[in-house]
Engineer: 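Below you'll find the structure I mean.
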There are 2 protein chains.
Amino acid sequence: MAQVRQVQDPQSEELIKAIQISLIVKIRPVLDKVVTDMYTAMRPRTMVVADLGCSSGPNTLTFVSSVIRAIGDYCRRSDCDQPPDLQFFLNDTPSNDFNSLFRAIDQFKKMVVVGKPNARKTARKTPSHYVVGLAGSFYRRLFPRRTLPIELKVSSKTHMNRENIYITKTTPPSVVRMYQEQFDFSHFLKLRSEELVLGGRMLLTFHGRKNNDVFYGDLNHLYGLLGEAIQSLVMEGLVDKERLDSFNLPIYGPSVDEVHKIIKQSELFNINQIQLFESNWDPDDDSDGNHVPNAIQSGMNVAKCLRAVMEPLFVSHFGECILDKIFQMYARNVSKHLEKEKTNYSVIVVSLKGNNRSLRVTSSTKLENTSKP
Amino acid sequence: MAQVRQVQDPQSEELIKAIQISLIVKIRPVLDKVVTDMYTAMRPRTMVVADLGCSSGPNTLTFVSSVIRAIGDYCRRSDCDQPPDLQFFLNDTPSNDFNSLFRAIDQFKKMVVVGKPNARKTARKTPSHYVVGLAGSFYRRLFPRRTLPIELKVSSKTHMNRENIYITKTTPPSVVRMYQEQFDFSHFLKLRSEELVLGGRMLLTFHGRKNNDVFYGDLNHLYGLLGEAIQSLVMEGLVDKERLDSFNLPIYGPSVDEVHKIIKQSELFNINQIQLFESNWDPDDDSDGNHVPNAIQSGMNVAKCLRAVMEPLFVSHFGECILDKIFQMYARNVSKHLEKEKTNYSVIVVSLKGNNRSLRVTSSTKLENTSKP
């Protein structure tokens, strides 16, 4: 799974911020419901909340502040005596910039209380919050439980996905299966169910697809155009063909049905809500219709965002020198595509509750959120 | 309290490593006893362990590995079925380099199991461990509890400590009181007692003094010589007199009696053990007698260590340009002193157990360790 890492270009940072804000605004009602439902059901003294894949960008703490606000608002509305303490675990891989994240927390703590018209009254009902950083992959155990961790299955087979970097109509079935296995959502659910307390909730957000056909999903377009950009550089002799053939993007966009089926099969969680949100590829384009007002600018914006997210991955496989060329070509491909057809990202939001029949042993109430798949 | 921050000079790093290792070796039996006593008394499924003031140097994870080893060894000896899960909270101020700390953890995890002759059997009894980073001052609340946090008392009075940077025989009583108030150990104990579970343990290590006289402790020598170095630069017109007069090192070395008295008065903890360890100022000098074999080299080593620890503080008050001169002069002062008299650091180690009469509400077993005061 690719992650946003220390974006250097301010414009890219602004664009990614815009994507995140639009996502947060859409998800907020679902998040508010999960948080207040769990609080009213369990009334814990301390609520432990984990944000898996938190990143370290400008909006990382928006999730934290949304939970604080949801609980604080609920306590003000229901006139409860004392809000619960909130303990946040912000998780990402060890390559994430936790130093800047920690420096942001102090600043953030002041913002939560100060600057509101009725700050003193607000502060009284604002939950105390304690934020910690947790470095590690969420495909491994992150929190203690009673039995030993299960190891990740790692496949050593090399899957050649000729001339493509994601699933296209020419992708062989063995490669499609590899993508689906790599998504490994059932393993993720198993790990989390071992960590979650009885009645714990989980809110998941990830890129998915509207269409059930694995060859024609929303990400197939987006990454298909990126694959074509690299193909044309192969034709020009600038990229080695084997480099392209042996590269598979470590990303998979499942359909709502696929997600639904895996959760049901796992028997570990009950689905409270599952929903698909859509947003324009270009976060700067807030038009609603089927027409893209400025396809050239939108192409450049999409390329900037994707480059910011993918850069470390692309540098390690294709080398740094060719990056400018790849993403310039990609911007042109996206522009041409958007002139013909406006296309969206699809984001799946799932609200889950632990299935009481399964064994859970941790000692605190936990709510988990995975964003930025 | 000054802390080691991203030491640039490899020689200084080596010297600091030597100090830490010598301290760890001395403390290990006390730590082993605290850890196994608590485990046998409570048999928790998950033990939460906090390292307050963890820093990010080469030995930060030695504390973590000591606890893992102590529990693992105990479980092997007593043939218990399943060791507890260990959850570590590594705390330091937000300026600490948590990124390098997190990168070290992955490497460390492999080292815990691999490389031992009977690795498979060892692995079976090695506790699963989960390490998180917690940025913040330990003079504030770091963990959730039931009631609102108490705010730190902050004194706005300026205390002029003429021509000194620490307590010397000419320091006015008001400044001595300021040092003692700033140490604020009772406030620290109150915060921790609110976070610790019933029966939780705390192991504290800090620089102190053998002598009961506040004007003639071990740190008075060490920092007195540093004050004299700056005084001579004032005489040369290189440092402004007011800069020196208005500077007080934010460090205080209490006596064993003082520590004992504050703990008793707090009524929050029972003392299991209190002990004073001594080690040579120069970590490279492992001689036992009263003679320093190479006083010039030792002076330079002591200055290097202290500079590595104090640099950020000195830069912000005296400016970067004068630093080389201050510490060259200091190295000379230390050498001259060591030629006449070999002097030691005194480190106080206190093992505490929560007093059952006080209210504690957190949900897990906690063991706290403050090192590098």
Engineer: Please list, chain by chain and in numerical order, all residues satisfying side-chain hydrogen bond (donor to acceptor under 3.5 Å, both in side chains) with A/S100, sequence neighbours excluded.
Structural biologist: A/D97
Engineer: B/Y130 vs A/L142, test: side-chain contact (heavy atoms from CB on, under 4.5 Å). Steps then yes/no.
Structural biologist: CA-CA 7 Å; B/Y130 304 88; A/L142 297 168; 5.6 Å; no
Engineer: What are the two closest heavy atoms between B/N99 and A/N96, and how far apart are they?
Structural biologist: OD1-O, 3.6 Å
Engineer: I need the A/L101 CG to B/F98 CZ distance, nearest 0.5 Å.
Structural biologist: 11.0 Å
Engineer: To the nearest 0.5 Å, how far apart are CG in A/L134 and CG in B/L134?
Structural biologist: 12.0 Å
Engineer: Residues two or more places apart in sequence or in another chain: which of them pass side-chain hydrogen bond (donor to acceptor under 3.5 Å, both in side chains) with B/R103?
Structural biologist: none
Engineer: Of the non-hydrogen atoms in B/P94 and A/F102, which two are nearest, and what is the gap between them?
Structural biologist: CB-O, 4.1 Å
